[in-house]
Number of protein chains: 2
Amino acid sequence: MKQPPASSSRFEYAINELRLRIINGGSEPGSLLAEGAVARELGVSRVPVREALFALERDGLVEFSETGRAFVKELSPRDFEELYVLRLALEPVATGLAVESLRKDASALEKNIEATKRASSLLKVTALDLDFHEIILEACGNARLLKLWRSLRSELELWLGRLHRSKQIQTSGTREEIVSAHCHLLESFRTKTTAVCERKMREHILGWREWLPVLFEDE
Amino acid sequence: MKQPPASSSRFEYAINELRLRIINGGSEPGSLLAEGAVARELGVSRVPVREALFALERDGLVEFSETGRAFVKELSPRDFEELYVLRLALEPVATGLAVESLRKDASALEKNIEATKRASSLLKVTALDLDFHEIILEACGNARLLKLWRSLRSELELWLGRLHRSKQIQTSGTREEIVSAHCHLLESFRTKTTAVCERKMREHILGWREWLPVLFEDE
DNA sequence: CACTTTTAAACGGTATACAATATGAAGCAG
DNA sequence: CTGCTTCATATTGTATACCGTTTAAAAGTG
């Protein structure tokens, strides 16, 4: 039984702890997340666990059966496809809205790229990649869009976590590709029109959509 | 104190009851929705009310303060703009995905248009308009997209509800415009390419974005 | 051995209880 | 009268308890 947290709410503690378990594979896909059991393990009562499970369902990390039992989300190619339809619908729009703001201040994106160059593990590289996109979503000034992105990001982290555990991906090549792509995007934000930036982002996402599933196929 | 429900869960009862209050204006925008008070009024305990409030936050009908108190959402022009950015990002994409399926079976859309012609009140007309769009979102085959639409729909209903109470809108003219626009869309689905259908939907939504706020301005 | 039926444990939905905090009004000082 | 402090109350966060249902394993049956 883990230690209940000192500060912050037990709801946040439960949600963070469950996130870690699910994304890092501590709980197998499809396994039951019973309120009582989780509550005992975390050393809190069922109430905050229950709320955490509902919140995680919204983020696509947990599925509920018809009878109200929570399970670790199982991923299918279908899910991947749906996820990328949403990315393709939302991120280019967000990019268009963000361009003006990013043109004024691109320091966050620059720092992110520098950090990516120095990142040691692929896990960190992919996290920084998601950060790069999140910076854009933050800059677009649409709170609903940002909220939505955060939810999509959860699912993406789930995919990447499982991918990372099931395959050894080459860190170096991937890093270079990402850095190069992000530099290219940043340059577009600085010099091109909004419409072009939207298109570049669209192509960037399409590239990943092609690339990611390939790593899954030959298991 | 209202009657606790016979069938279905108290959570669903609470969420439906709160939806009605908020959308129909039973609770003023900005007013506090205290768990205990609502629970007493509905004749249930705080637990299902609490969960209902969290769910309604996700649908944009309720806002939480930093200290965790729930308030009836207040709408600003900013919210309207954000909402329509999302509609414009999502619905054309959904339309493109749905065209093939709608071409095979457009009966749901046809029935909807017929019902709109017969609808007696503007409230019913606007509800049917949202249904029309929901039929398309259902046909697009992307569960995440549909879920998202349902959440946007909640907010749209909130806007329309308040609009309806603050102004008397002419029913007949609005009805004719909607029927005509929907017929035009349906015809496009039957005869045009996917890309054209996406564009038509985009223009359809843009039209409403222009039209709706006008009704607010001169209060 | 395959397929029901039974049954005890597990689980979720909800109510209630209590503690910690936030809130807003009353009282007080300037 | 204005601004700060005090304090009773309202409200949320969390724990615990209870009940009906679901579940899955054991027992029974063909």
Side-chain angles (χ1 to χ4, degrees), chain A residues 1-19 21-22 26-74, chain B residues 1-19 21-22 26-74:
Chain A
M1 166 169 149
K2 294 201 72 165
Q3 196 58 244
S7 69
S8 109
S9 74
R10 293 169 190 235
F11 162 69
E12 283 178 40
Y13 166 67
I15 201 169
N16 290 334
E17 207 64 31
L18 281 169
R19 281 195 110 86
R21 286 192 190 202
I22 294 171
S27 301
E28 287 301 307
S31 65
L32 175 65
L33 293 170
E35 291 175 6
V38 174
R40 271 191 302 280
E41 287 162 20
L42 299 185
V44 300
S45 82
R46 276 175 54 206
V47 181
V49 172
R50 187 178 171 78
E51 286 170 10
L53 290 171
F54 284 140
L56 288 170
E57 189 210 13
R58 198 188 46 153
D59 285 345
L61 301 187
V62 160
E63 272 175 332
F64 279 84
S65 72
E66 305 121 9
T67 54
R69 303 172 80 185
F71 297 87
V72 177
K73 171 89 180 182
E74 297 190 270
Chain B
M1 167 168 149
K2 293 203 74 165
Q3 196 60 244
S7 70
S8 109
S9 73
R10 293 170 188 234
F11 162 70
E12 283 178 40
Y13 167 67
I15 201 168
N16 289 334
E17 206 64 32
L18 281 169
R19 280 195 111 84
R21 286 191 190 202
I22 294 171
S27 301
E28 287 302 306
S31 65
L32 174 66
L33 293 171
E35 291 174 7
V38 173
R40 270 191 303 279
E41 286 163 19
L42 299 185
V44 300
S45 82
R46 275 176 55 208
V47 181
V49 171
R50 188 179 171 77
E51 286 170 10
L53 289 172
F54 284 140
L56 289 170
E57 188 209 14
R58 198 187 44 153
D59 286 344
L61 301 188
V62 160
E63 272 175 330
F64 278 84
S65 71
E66 307 118 11
T67 55
R69 302 169 82 188
F71 297 86
V72 177
K73 172 90 178 180
E74 297 190 90

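Below, chains carry the letters A, B, ... as their sequence lines are ordered, and counting in each starts from 1.
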Give, for atom [atom1] of [X] and atom [atom2] of [Y], the distance between the pair rounded to the nearest 0.5 Å.
X: K73(B); Y: I22(B); atom1: NZ; atom2: CD1; result: 11.5 Å
X: L42(A); Y: L18(A); atom1: CG; atom2: CG; result: 6.0 Å
X: S9(A); Y: I15(A); atom1: OG; atom2: CD1; result: 9.0 Å

Worksheet item: From dT16(C), dA15(D), dT14(D), pick the nucleotide closest to the side chain of S45(B)?
Response: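 Nearest to the side-chain atoms of S45(B), counting from C-beta on, is dT16(C).
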Worksheet item: Quick one, which residues of residues 48-58 of chain A touch DNA chain D with a heavy atom under 4.0 Å?
Response: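 Under 4.0 Å from DNA chain D: P48(A).
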Discussion item. Can you pull out the residues from residues 26-35 of chain B that lie within a 4.0 Å heavy-atom distance of DNA chain D?
Written reply: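 Within this stretch, L32(B), L33(B), A34(B), E35(B) sit under 4.0 Å of the strand.
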Rounded to whole Å, how long is the line connecting atom [atom1] of [X] with atom [atom2] of [N]?
X: Y13(A); N: dT14(D); atom1: OH; atom2: P; result: 13 Å
X: E12(A); N: dT14(D); atom1: CD; atom2: C1'; result: 14 Å
X: F64(B); N: dT21(C); atom1: CZ; atom2: P; result: 20 Å
X: F71(A); N: dC11(C); atom1: CZ; atom2: C1'; result: 11 Å
X: R40(A); N: dA9(C); atom1: CZ; atom2: C1'; result: 12 Å
X: R10(B); N: dT14(C); atom1: CZ; atom2: C1'; result: 7 Å

Would you list the protein and nucleotides 23-25 of chain C atom pairs, both N or O, that sit under 3.5 Å from each other?
| from | atom 1 | to | atom 2 | distance (Å) |
| --- | --- | --- | --- | --- |
| dT23(C) | OP1 | T67(B) | OG1 | 3.0 |

Show the atom names and distances, to 0.1 Å, of all donor-acceptor pairs under 3.5 Å that link a side chain in residues 44-56 of chain B to residues at least two apart or in another chain.
| from | atom 1 | to | atom 2 | distance (Å) |
| --- | --- | --- | --- | --- |
| S45(B) | OG | V47(B) | N | 3.4 |
| R46(B) | NE | E35(B) | OE1 | 3.0 |
| R46(B) | NH2 | E35(B) | OE1 | 2.9 |
| R50(B) | NE | E51(A) | OE2 | 2.5 |
| R50(B) | NH1 | E35(B) | OE2 | 2.6 |
| R50(B) | NH2 | E51(A) | OE2 | 3.4 |
| E51(B) | OE2 | R50(A) | NE | 2.5 |
| E51(B) | OE2 | R50(A) | NH2 | 3.4 |

Item to complete: Of all the heavy-atom pairs spanning S65(A) and F71(A), show the shortest one and how long it is.
Response: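 It is CB-CE1, 3.8 Å.
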Practice prompt. Check A70(B) against V62(B) and note the closest heavy-atom contact, atom names and distance.
Written response: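 Smallest heavy-atom distance, with atoms named: CB-CG1, 3.8 Å.
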N/O contacts under 3.5 Å, protein versus nucleotides 5-8 of chain D?
none

Worksheet item: Is any NZ, NE, NH1 or NH2 atom of the basic residue among R21(A) and E41(A) found under 4.0 Å from an Asp or Glu carboxylate oxygen of the other?
Response: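 Salt bridge flag = yes for E41(A) with R21(A).
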Polar atom pairs between nucleotides 18-21 of chain D and protein, under 3.5 Å, N or O only, would you list them?
none

